Amino acid sequence: MNAPSKPGSKADRDALRHDMAAAGCALADIAIEMRTRFKMRPREAWRHAHGWTLQEAADRITQGSTRRLGESVAADASLVGKWEKWPGPSSRRPSLSVLFAMAEAFSCRVEDLLDLEDRRVLPEADLHLLTHRLSTTEPSGTPAAASSIVAPSEPTGSHLVRLAADESATWAQWAEASNVGDIALEQLMAETRSLASDYLTSDPVALFVRTRALRDCVFALLEGHQYPRQSTDLYVAAGYLCGLLAWMSSDLGQLRDAETQGRTAWLCAELAGHNNLRAWVLSTRSKVAFWDGRLREAINFARRGATYRTTGTVAVLLACQEADAWSELGAQDEALAALAHAEDVRAAMSSQDEIGGIFACQPARQENYAAAVQLRVGRHADALRSADNAIALLAVQPVRAYGTEAQIHISQAAAHLASGEAEGALEALTPVLALPPDHRMEPVTRRLSELFTSIGRPRASGTATVGLRQAVEEFCVHSAPRHFALSPGEGSP
């Protein structure tokens with residue numbers, strides 16, 4: 001059995017309007033019944049008496065105002081909703097021009113759109129004009145619609161000055177209102193930091209869902225009204241959250257979706273004018289471009305991010321990412337120069353990261369990049385040394401990122417394999433191969449696939465090599481990106 005509709009639901013309103021119209025009731029009667037039965041403000045009651053949506057009413061109000069010379073009104077659904085709620089919270093007082101346009105649209109008198117509560121808070125100048133209008137209204141035999149379009153006389157003298165002051169005061173009340181407080185903004189940033197940190201150690205899909213929900217919350221707040229500084233803070237939060245979604249999408253192998261999230265994050269960074277966010281977004285986009293094979297773009301994003309004056313470790317990561325792309329292109333000198341620049345930036349750094357977690361470049365993460373770069377340029381001993389340093393650094397970190405740790409072990413294995421030590425490679429890969437399928441992200445499976453290719457080289461042979469090949473192949477079959485690729489989609493998250 002279906003649950004009964006709530007009083008005032010669309011079904012209730014439609015049924016009431018249909019029954020009253022069938023009984024021969026006039027629109028005014030329907031509006032009065034709507035008001036009394038569903039506790040509506042008069043302007044809302046008249047709209048529902050017609051059965052119009054907010055947007056339909058806005059279109060008719062705008063159209064009706066064009067018939068009044070010099071009094072055109074540009075209405076939209078949001079404004080109509082605020083005019084209806086006045087003088088309640090989050091409302092906006094309709095001017096006389098708006099009221100006359102509404103009366104024209106609803107085929108009623110302006111007086112029908114105002115109740116005692118409205119009149120008590122209506123500016124004195126507006127009340128005076130309405131009273132003057134009532135005293136000059138045509139005889140009672142004149143149709144309501146005709147009398148409602150009689151233009152009010154223009155205010156003059158002290159009434160004009162008072163009216164202007166009242167209009168400014170009404171606007172100030174609207175400008176002073178905000179749909180978000182400073183404590184709520186602080187909480188949003190705290191939750192963003194928590195997500196960025198949790199992503200290093202938690203189930204990526206569950207984190208994606210949480211991040212998406214928080215992003216939607218921030219987007220909804222931005223569609224409302226707040227102080228400019230609060231809007232800036234919301235754009236910063238939205239930018240970091242879209243950046244997180246971009247990073248996660250890339251790790252799940254969804255590079256096109258990651259690029260879309262990155263572009264939205266960049267828009268938020270530009271609207272906020274926030275250099276740290278700009279740099280982190282460009283770092284994220286460099287990462288996406290790298291795994292998409294757009295290596296020159298990856299370098300350009302990293303270099304562009306480095307042009308901003310930033311705090312924290314983003315400049316270190318940008319230099320590492322530039323080195324990564326250069327090494328993939330086979331440009332040894334440029335790659336090693338970028339790694340050296342990362343060391344210089346680290347030495348000059350004096351402040352903490354604003355968000356942290358995935359938006360931070362701890363020393364172990366920097367060593368991980370160094371190991372991968374040195375492997376590609378043929379410096380296998382240096383790569384093994386960097387990987388060993390990274391493992392030692394991870395051991396003293398409060399949070400050990402499983403993705404970074406896995407890549408470090410892969411670099412160790414690759415360095416052993418390059419020296420013909422298949423047993424050492426298999427030992428280094430043991431913690432990687434033990435990762436649960438949900439933690440087997442795209443960078444890890446791609447790095448393992450590269451290792452898989454190198455197993456067939458002449459120096460890598462023997463029983464250990466065969467076992468290693470089989471283990472890597474099994475790992476890549478049961479990975480999060482492969483699961484996503486094979487799952488039935490219902491559209492992008």
Side-chain angles (χ1 to χ4, degrees), residues 78 82 89-90 174-252 257-285 287-288 305 308-314 317 351-362 398-399 401 492-493:
S78 176
K82 292 177 180 178
S90 303
W174 171 83
E176 192 177 34
S178 175
N179 66 342
V180 64
D182 291 342
I183 293 177
L185 286 169
E186 187 177 332
Q187 181 63 30
L188 284 173
M189 290 303 293
E191 290 180 29
T192 301
R193 293 187 188 96
S194 177
L195 289 168
S197 177
D198 290 349
Y199 184 61
L200 299 178
T201 58
S202 303
D203 175 11
V205 177
L207 259 293
F208 191 99
V209 172
R210 285 173 52 195
T211 305
R212 180 190 179 213
L214 189 60
R215 179 210 61 181
D216 290 348
C217 175
V218 175
F219 279 178
L221 288 170
L222 279 167
E223 290 174 0
H225 178 256
Q226 57 278 149
Y227 296 133
R229 64 175 176 80
Q230 294 172 327
S231 297
T232 297
D233 290 344
L234 287 172
Y235 279 121
V236 171
Y240 276 120
L241 290 167
C242 287
L244 266 172
L245 290 174
W247 203 285
M248 295 175 184
S249 299
S250 173
D251 283 349
L252 291 169
D257 297 326
E259 187 65 18
T260 299
Q261 297 285 2
R263 283 191 289 268
T264 304
W266 177 252
L267 173 63
C268 293
E270 287 288 274
L271 290 171
H274 195 281
N275 281 346
N276 276 353
L277 177 56
R278 285 180 173 124
W280 278 114
V281 171
L282 289 169
S283 168
T284 303
R285 299 189 71 180
K287 184 247 195 195
V288 174
Y308 292 101
R309 295 186 62 180
T310 57
T311 59
T313 60
V314 63
L317 184 58
S351 55
Q352 299 297 313
D353 287 297
E354 182 177 31
I355 299 297
I358 198 67
F359 291 129
C361 186
Q362 301 297 340
V399 176
S492 297

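Keep in mind that this is a model prediction, so the values were computed, not measured.
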Checklist entry - Is there side-chain contact between Pro204 and Trp247, with heavy atoms separated by less than 4.5 Å? => result no
Item to check | With Glu354 via salt bridge (Lys or Arg N to Asp or Glu O under 4.0 Å) - residues at least two apart | outcome: none
Checklist entry - Is the shortest heavy-atom distance from the side chain of Asp257 to the side chain of Leu252 under 4.5 Å? => result no
Checklist entry - Just how far is it from atom CZ of Phe219 to atom CG of Leu214, taken to the nearest 0.5 Å? => result 10.5 Å
Item to check | Gap between atom CD of Gln187 and atom OG1 of Thr192 - 0.5 Å precision | outcome: 9.5 Å
Checklist entry - Taking all non-hydrogen atoms of both residues, which atom of Gly243 and which atom of Thr284 are closest, and how far apart? => result O-CG2, 3.8 Å
Item to check | Close side-chain approach of Leu188 and Leu234, heavy atoms under 4.5 Å | outcome: yes
Checklist entry - Got a second to check how far Leu245's CG is from Thr211's OG1, nearest 0.5 Å? => result 5.5 Å
Checklist entry - Would you say the side chain of Arg210 lies within less than 4.5 Å of the side chain of Ser202, judging by non-hydrogen atoms? => result no
Next on the checklist: Using every non-hydrogen atom in the two residues, find where Gly356 and Ala196 come nearest and quote the distance to one decimal.
Outcome noted: O-CB, 3.4 Å
Checklist outcome for this item: Rounding to 0.5 Å, atoms CE (Met189) and CD1 (Ile355) come to a distance of 3.5 Å
Next on the checklist: Restricting to side-chain hydrogen bond (donor to acceptor under 3.5 Å, both in side chains), what partner residues turn up for Thr310, sequence neighbours left out?
Outcome noted: none
Item to check | Closest contact, heavy atoms only, Thr311 versus Ser351 | outcome: CB-OG, 3.1 Å
Checklist entry - Under 4.5 Å between any side-chain heavy atoms of Asp233 and Asp182, yes or no? => result no
Item to check | Verdict with supporting geometry, Asp251 and Lys287, salt bridge (Lys or Arg N to Asp or Glu O under 4.0 Å) | outcome: CA-CA 10 Å; Asp251 283 349; Lys287 184 247 195 195; 2.5 Å; yes
Item to check | Gln226 side-chain N/O to Leu221 backbone N/O, donor-acceptor pair under 3.5 Å | outcome: yes
Checklist entry - Which atom names give the shortest non-hydrogen contact between Gly262 and Ala246, and what distance separates them? => result N-CB, 3.8 Å
Next on the checklist: To check you understand the geometry: which heavy-atom pair defines the closest contact between Ala272 and Val236, and what is its length?
Outcome noted: CB-CG2, 3.7 Å
Checklist entry - Taking only residues two or more places apart in sequence or in another chain, which ones pass side-chain hydrogen bond (donor to acceptor under 3.5 Å, both in side chains) with Arg309? => result none
Item to check | Interatomic spacing from CG in Leu244 to CZ in Arg212 - rounded to 0.5 Å | outcome: 15.0 Å
Item to check | Non-neighbouring partners of Thr313 that pass side-chain hydrogen bond (donor to acceptor under 3.5 Å, both in side chains), sequence neighbours left out | outcome: Asp353
Next on the checklist: On a heavy-atom basis, which atom in Phe208 and which in Met248 lie closest, and how many Å separate them?
Outcome noted: CA-SD, 3.6 Å
Next on the checklist: Test of understanding: with side-chain hydrogen bond (donor to acceptor under 3.5 Å, both in side chains), list the residues that count as partners of Glu186, not counting sequence neighbours.
Outcome noted: none
Item to check | Parallel, tilted or perpendicular: rings of Tyr240 and Phe359 (30°, 60°) | outcome: tilted
Next on the checklist: Which residues pass the salt bridge (Lys or Arg N to Asp or Glu O under 4.0 Å) test with Asp216, not counting sequence neighbours?
Outcome noted: none
Item to check | Spacing of Cys242 atom SG and Tyr235 atom OH [to the nearest 0.5 Å] | outcome: 12.0 Å
